[in-house]
Number of protein chains: 2
Amino acid sequence: MKTKFSSINLMQELQHKEYEQLCEDFTEKKYQKGRLIYAPGHDDDLVFIMKQGRIRIYLAMEDKEFSLTILGPGDIYATHTRAHVAAIDDVTLLAMPTMRFHRYMVDHPALSRTIISILGELLKQSFSIIDNLVFKDISGRLADFFCHEAEYDGRQTEEGILLSLDMTMEQLAAIIGSSRQTVSTIINGMQRAGVICKVGRGVYRIPNLDLLKNFPSL
Amino acid sequence: MKTKFSSINLMQELQHKEYEQLCEDFTEKKYQKGRLIYAPGHDDDLVFIMKQGRIRIYLAMEDKEFSLTILGPGDIYATHTRAHVAAIDDVTLLAMPTMRFHRYMVDHPALSRTIISILGELLKQSFSIIDNLVFKDISGRLADFFCHEAEYDGRQTEEGILLSLDMTMEQLAAIIGSSRQTVSTIINGMQRAGVICKVGRGVYRIPNLDLLKNFPSL
DNA sequence: AGTACGCTGTCAGCCATCTGACAATTCTTT
DNA sequence: AAAGAATTGTCAGATGGCTGACAGCGTACT
């Protein structure tokens, strides 16, 4: 249950001069914090690259939501499938109609390979999510999530890894597929067990990753 | 929760003459019913096309398994990720090392597009699986599964759609992520409700798809 | 500095589903 | 046709996690 859909940086790819023209075709768009960017059924399919802020890709049904991933600057996404997209913070992104991108791809085989890599990565992540949903209980998924975040986003300090998640219990619950209450209870349990330490709102310190990895250890 | 990972027929693509050479590079392999074809950790990564029989792509953890999909003749798959692959029936497939396939793809951009379509399709399916796991209960997933199978694989008769699933309760359970016992109980419930009708082992008749679609309707 | 709002912690009750057990049925093999 | 194996039906008990409720905190506004 990683958060990043793709570690491949399309930006880099696009900086090559042969893509100059492509870059010009992107339009800059801004969305305010909390705004819905795309909902299934919209017919304006877009390919876009994150420039600033975070967005959430999620599935929704009635009043329940499940976050597939959180994307940040440098990440790329294509509206598609049944997933919704919403801005977590104020967001800036570079967008282009999917159709145009497709046409462009035909003439630029190298781009295809990048896309294939990204899709492959996405697929691996999806499998990872499924794996967690099927085999792990809520404690396990939470621990797993913290570990991945720590590895990807944590800052090493003398007292362990410092993690600025900047998320409410409710958002966390939506990621691992649980309820606010349960997540709250388990996190406190982790704290009592000493595997995690709340430093502030959405900020945690992990003294020992291995301990967290096999929580609950008994 | 569809069963087919891909409706795109690579076979067709490969029949074009420019792929003659590629086709020759595939090796025919046979596996007996029940045999494990690939487990994560094997380092012989393969791309392969199903020729005969069915295989199961699944995640496994300790003694629990979850089937991601069942593939049949014409379907393509690449060993990858954490998924296991096993033969359900006696199986024949055409295989090629992933590396060679990659090299080939560089020189044949048209092939890339096919691969992108397939990956996109796979991704959509994965989202669909996640959707089911997160939002639906076992009854819902079962009903959903039957509906998809009926639409894809069923034969229309005067008394409804006839479905030869050729699967045990246990295999069914592994697909929807449940237990043998629960599936058995629910299917009997469906039968009592009249939305489904067991004709024989693994063979069902669905008098009315809509009825099944919103089971349990009350 | 006070009020309002959103976030958090905790508890009790509930329910879907899993597990294990065992019997009944159906297929396979000899 | 009989023995053995695999598959199915069903039940009782255990349980993880959900829901709703409510109180305590923080934060932000004005």
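Lettering follows sequence order; numbering is per chain, from 1. Only this structure's heavy atoms are used, side chains among them; waters, hydrogens and symmetry mates stay out.
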Compute the centroid of each ring, for F146(B) and then for Y204(B), and state whether the two points are separated by less than 6.0 Å.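 Aromatic pair counts; centres sit under 6.0 Å.
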
Just the rounded figure in Å: distance from [atom2] of [N] to [atom1] of [X].
{"X": "F135(A)", "N": "dG16(D)", "atom1": "CZ", "atom2": "P", "value": "19 Å"}
{"X": "L172(A)", "N": "dG9(C)", "atom1": "CG", "atom2": "C1'", "value": "15 Å"}
{"X": "K136(A)", "N": "dG17(D)", "atom1": "NZ", "atom2": "C1'", "value": "18 Å"}
{"X": "D137(A)", "N": "dG17(D)", "atom1": "CG", "atom2": "P", "value": "5 Å"}
{"X": "E62(B)", "N": "dC18(C)", "atom1": "CD", "atom2": "C1'", "value": "15 Å"}
{"X": "L165(B)", "N": "dT7(D)", "atom1": "CG", "atom2": "C1'", "value": "15 Å"}
{"X": "I176(B)", "N": "dA16(C)", "atom1": "CD1", "atom2": "P", "value": "16 Å"}
{"X": "E170(B)", "N": "dT26(C)", "atom1": "CD", "atom2": "C1'", "value": "16 Å"}

Steps toward salt bridge (charged side-chain N to carboxylate O under 4.0 Å, His left out) verdict (D89(A), R54(A)): CA-CA 6 Å; D89(A) 317 309; R54(A) 292 176 301 165; 3.0 Å; yes

Among [options], find the nucleotide with the atom closest to the side chain of [X].
{"X": "T182(B)", "options": "dG9(D), dT17(C), dT10(C)", "value": "dT17(C)"}
{"X": "R201(A)", "options": "dC27(C), dG6(C), dT17(C)", "value": "dG6(C)"}
{"X": "Q181(B)", "options": "dA21(C), dT10(C), dC7(C)", "value": "dA21(C)"}

Please work out if S179(B) contacts a base, only the sugar-phosphate, or nothing of the nucleic acid, heavy-atom cut-off 4.0 Å. base

Using a cut-off of 4.0 Å on non-hydrogen atoms, how would the nucleic acid contact of S178(B) be classed: base, sugar-phosphate, or nothing? sugar-phosphate

Would one find more than 12 heavy atoms of other residues, nucleotides or ligands at under 6.0 Å from atom [atom1] of [X]?
{"X": "Q32(A)", "atom1": "CD", "value": "no"}
{"X": "K33(A)", "atom1": "NZ", "value": "no"}
{"X": "E170(A)", "atom1": "CD", "value": "no"}

Using heavy atoms to find the nearest nucleotide of DNA chain D for I187(B) and V183(A) separately, return the residue whose nucleotide is more 5′.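 Upstream on the strand: I187(B).
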
Of R180(B) and R180(A), the one whose nearest nucleotide on DNA chain D sits closer to the 5' end is R180(B)

Distance below 4.0 Å between [X] side-chain N/O and [N] OP1 or OP2:
{"X": "N188(A)", "N": "dT10(C)", "value": "yes"}
{"X": "S184(A)", "N": "dG9(C)", "value": "yes"}
{"X": "K198(B)", "N": "dT26(C)", "value": "no"}
{"X": "R141(B)", "N": "dT17(C)", "value": "no"}

